[in-house]
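Here is the structure we will look at, set down as structure tokens.
In listed order, ligands and their atoms are each counted from 1. Hydrogens, waters and symmetry mates play no part in the numbers below; they use all other heavy atoms, side chains included.
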Amino acid sequence: MPNAQEQDVLSGSITAFIIPAEQVACVQPENSLEHALLVLVKSGYTAIPVLGMDNKLNGLISKAQILDSILGIERMEPEKLATWLVSDIMNNDHVSIHKSASFERLMTLLIQYPFVCVEDENGIFEGIIPRSKVLAHLNGFLHDLRRQ
Ligand code: AMP
């Protein structure tokens with residue numbers, strides 16, 4: 001049985017972990033793959049959200065997906081970078097959570113995914129929570145427990 005303090009952490013709010021939308025590197029479905037690759041390489045992230053004009057999450061796109069899409073049978077086909085769009089290859093089966101979700105639910109998702117997208121009640125993208133933010137918090141929590 002978790003004690004009261006542990007219970008509090010598990011059922012607590014996740015909003016403090018959110019990196020707000022304006023600080024998240026993202027692209028739009030109608031951007032070219034070339035643009036998406038530039039954003040991914042310059043930001044240093046493996047995958048980033050794809051947001052529609054309505055600020056709703058459409059999917060995710062990764063460096064691996066882009067590289068895979070320009071891999072021809074006998075050679076690389078970099079010319080596709082300028083003509084193919086993010087919407088042609090993005091991953092639609094993304095996972096997102098509501099900002100009122102519990103910390104427990106967030107942790108369950110972060111075991112599987114390196115980051116989770118957060119939406120408000122209207123499905124508007126609020127930001128992301130990367131695994132590293134939650135691990136840093138848990139690390140602090142465990143150290144506090146040991147000190148007590
Ligand atoms: P981290 O746990 O900090 O390594 O982040 C895990 C993943 O979350 C990264 O590889 C990115 O895919 C994503 N990520 C983290 N921070 C951002 C950000 N500011 N903008 C876009 N994606 C991010």
Side-chain angles (χ1 to χ4, degrees), residues 2 5-72 76-78 80-147:
Q5 197 177 15
E6 289 158 354
Q7 193 83 55
D8 196 37
V9 171
L10 288 177
S11 56
S13 167
I14 63 166
T15 53
F17 301 105
I18 300 175
I19 296 180
E22 57 274 16
Q23 290 170 29
V24 175
C26 58
V27 289
Q28 295 187 327
E30 51 280 354
N31 289 151
S32 67
L33 292 189
E34 185 173 25
H35 175 77
L37 189 58
L38 273 173
V39 175
L40 280 159
V41 171
K42 290 286 176 197
S43 66
Y45 299 126
T46 311
I48 51 174
V50 181
L51 299 185
M53 296 289 274
D54 53 3
N55 277 331
K56 290 188 175 172
L57 182 67
N58 283 205
L60 303 177
I61 189 157
S62 68
K63 282 178 197 155
Q65 276 172 297
I66 297 179
L67 289 178
D68 191 51
S69 73
I70 63 168
L71 210 61
M76 297 289 271
E77 297 168 355
K80 284 182 183 165
L81 288 173
T83 52
W84 284 28
L85 303 181
V86 167
S87 56
D88 293 328
I89 66 158
M90 69 184 189
N91 188 356
N92 292 301
D93 54 350
H94 53 274
V95 174
S96 57
I97 54 172
H98 189 264
K99 62 180 176 181
S100 65
S102 68
F103 186 73
E104 189 171 10
R105 168 85 184 123
L106 172 67
M107 275 217 309
T108 306
L109 290 173
L110 285 177
I111 289 170
Q112 204 177 342
Y113 305 100
F115 70 97
V116 173
C117 294
V118 185
E119 296 172 335
D120 72 8
E121 41 290 335
N122 300 311
I124 303 293
F125 179 75
E126 287 266 322
I128 65 164
I129 302 181
R131 190 183 275 159
S132 57
K133 272 216 161 194
V134 172
L135 283 177
H137 172 75
L138 287 176
N139 188 35
F141 177 73
L142 292 174
H143 276 86
D144 287 349
L145 270 188
R146 197 168 58 179
R147 270 196 293 273

| request: Would you mind reporting whether V118 and L106 have side-chain heavy atoms less than 4.5 Å apart? | output: no

| Heavy-atom distance under 4.5 Å between the side chains of M90 and N92, does that happen here? | yes

| message | Using heavy-atom distances only, which candidate in Y113, F115, Y45 approaches atom 16 (N) of ligand 1 most closely? | response | Y45

| field | Per atom 12 (O) of ligand 1, closest listed option by heavy atom (A47, C117, P114) | value | A47

| message | Can you tell me how the ring of H137 sits relative to the ring of F17, calling it parallel under 30°, perpendicular over 60° and tilted otherwise? | response | perpendicular

| query | side-chain contact (heavy atoms from CB on, under 4.5 Å) between W84 and I70: does it pass, once the steps are laid out? | reply | CA-CA 10 Å; W84 284 28; I70 63 168; over 6 Å; no

| said: Looking only at distances, can you tell me whether any N or O atom of A25, backbone or side chain, sits closer than 3.5 Å to an N or O atom of ligand 1? | reply: yes

| message | Please list, in number order, the atoms of ligand 1 under 4.0 Å from a heavy atom of Q23. | response | 19 (N)

| atom 5 (O) of ligand 1: which protein heavy atom is closest, and how many Å away? | P130 CB, 3.5 Å

| For ligand 1, is any non-hydrogen atom under 4.0 Å from K133's backbone (N, CA, C, O), its side chain (CB onward), both, or neither? | neither

| task | Around atom 1 (P) of ligand 1, find the nearest protein heavy atom and jot down its residue, atom name and distance. | result | S132 OG, 3.3 Å

| said: As an exercise, state the distance from CG of L81 to CG of L67, rounded to the nearest 0.5 Å. | reply: 8.5 Å

| query | Are S69 and L33 close enough that some pair of their side-chain heavy atoms sits under 4.5 Å apart? | reply | yes

| request: For ligand 1, indicate whether the residue I48 contacts it via side chain, backbone, both or neither (heavy-atom separation under 4.0 Å). | output: side chain

| V50 side chain near Q28 side chain, heavy-atom distance below 4.5 Å | no

| field | Protein residue, atom and distance nearest to atom 23 (C) of ligand 1, heavy-atom basis | value | I128 CD1, 3.2 Å

